[in-house]
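Structure, as structure tokens:
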Number of protein chains: 2
Amino acid sequence: MPYTAAIDLAGLDQRVGYMLRQAQLAVFDDFIASQRGAVTRPGQFAILMVIAGSPGLSQTQVCKTLGIKRANLVAAIDDLESLGWVRRDASASDRRSNRLQLTTAGQRALKNALDDQSVHEARITRLLGAASRRALLKQLAKLCELRKTRSSV
Amino acid sequence: MPYTAAIDLAGLDQRVGYMLRQAQLAVFDDFIASQRGAVTRPGQFAILMVIAGSPGLSQTQVCKTLGIKRANLVAAIDDLESLGWVRRDASASDRRSNRLQLTTAGQRALKNALDDQSVHEARITRLLGAASRRALLKQLAKLCELRKTRSSV
DNA sequence: GCAAAATGTTATACATCATAACATTTTGCC
DNA sequence: GGCAAAATGTTATGATGTATAACATTTTGC
């Protein structure tokens, strides 16, 4: 038996949580496969996007934007710094915090990643249809409202 | 500043992958919060559902159904066994494989988990509307088609 | 001026997910 | 029938994502 047919999911495929998780894994896999450069992981991509969109952000601000913990951003920025894509500049007004900037190499890397991401996003649009994709984004935004007050300790 | 307003997401909230991930995290959190009994994690819930729906399944069959690796199911079944919810019965026809069964305690635990899950699912339906929820499930199923040939080594 | 809060950091723990290797058993084929 | 190939459950291991606690330094609030 080269390909065993799917067994009974016992109604799991009618639960939003289960299907959300499966779709998320599929989409992330497709994202990663579409990345031909050095930016591979969605998390790294998101961090670069936020820094590029608001140069000079502190690490805490990036954490609040993306909903991640301060402690977990440290290693991520370390990686991006050792890739030569991000700089931690000292803030003039607050000696505790860093101002994050993309280097020119970082801008180039993000541009490539964005180009690859466009192909990925276009594949999704082709699969769903443009109108359905827009509706999906709205529904996902609504589901995010389930989040209580976001704690970013 | 007790609550810092959201900073610029730089268009991330228009990418399906990012919004899928955020929605999945929100929904999983809500699922976990709605579970009042001992079944807490979505993964455990999914395993119980599949075994309950097809008693006698082997571990490999559960893995193929849920798209998880054989190696990773071992500890999960170990846990469910030590909770007294699942039994590994020896298969009469294949001495390599186990036939998985819910114990009566496992059936009771799953029933409670399902009751709590219904409240969670109803909250989602109230948030989206019944028709939108149905449309969402269809779109998520389509996104799952992005998966190449699933490898379950 | 001083207690309280914020910032980046380290250490740590846990859950999820992946691969490789192994002993045992079954299957497929000649 | 016999034997290579495949399947099954398992162990070990590593990468990733996420969570908390604690700390030194610095800033804020009163």
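Taking only side-chain nitrogens and oxygens, Arg21(A) comes nearer than 4.0 Å to OP1 or OP2 of dC17(C). Applying the 4.0 Å criterion to OP1 and OP2 of dA6(C), one finds that Ser97(A) has every side-chain N and O outside that range. In terms of phosphate contacts, Arg70(A) brings no side-chain nitrogen or oxygen within less than 4.0 Å of OP1 or OP2 of dT18(D). In terms of phosphate contacts, Arg41(A) brings a side-chain nitrogen or oxygen within less than 4.0 Å of OP1 or OP2 of dG17(D). OP1 or OP2 of dT10(D) sits under 4.0 Å from a side-chain N or O of Arg88(B). Residue Gln59(A) places at least one side-chain N or O under 4.0 Å from the OP1 or OP2 atom of dT9(C).
A heavy-atom distance below 4.5 Å is found between the side chains of Val27(B) and His120(B).
Atom-to-atom, CG of Leu25(B) to P of dT18(D) comes out at 6 Å; the value is rounded to the nearest Å. Residue Asn72(B) contributes atom CG, which lies 16 Å from atom P of dA15(D) at whole-angstrom precision. For the pair Arg95(A) CZ and dT25(D) P, the interatomic distance rounds to 12 Å; values are reported in whole Å.
One axis for each end of the helix from dG1(C)-dC30(D) to dC30(C)-dG1(D), each built from five base pairs, and the angle between them comes to 30° at 10° resolution.
Distances were taken from every side-chain heavy atom of Arg96(A) (C-beta onward) to each of dG9(D), dT7(C), dT18(D); the shortest belongs to dT7(C).
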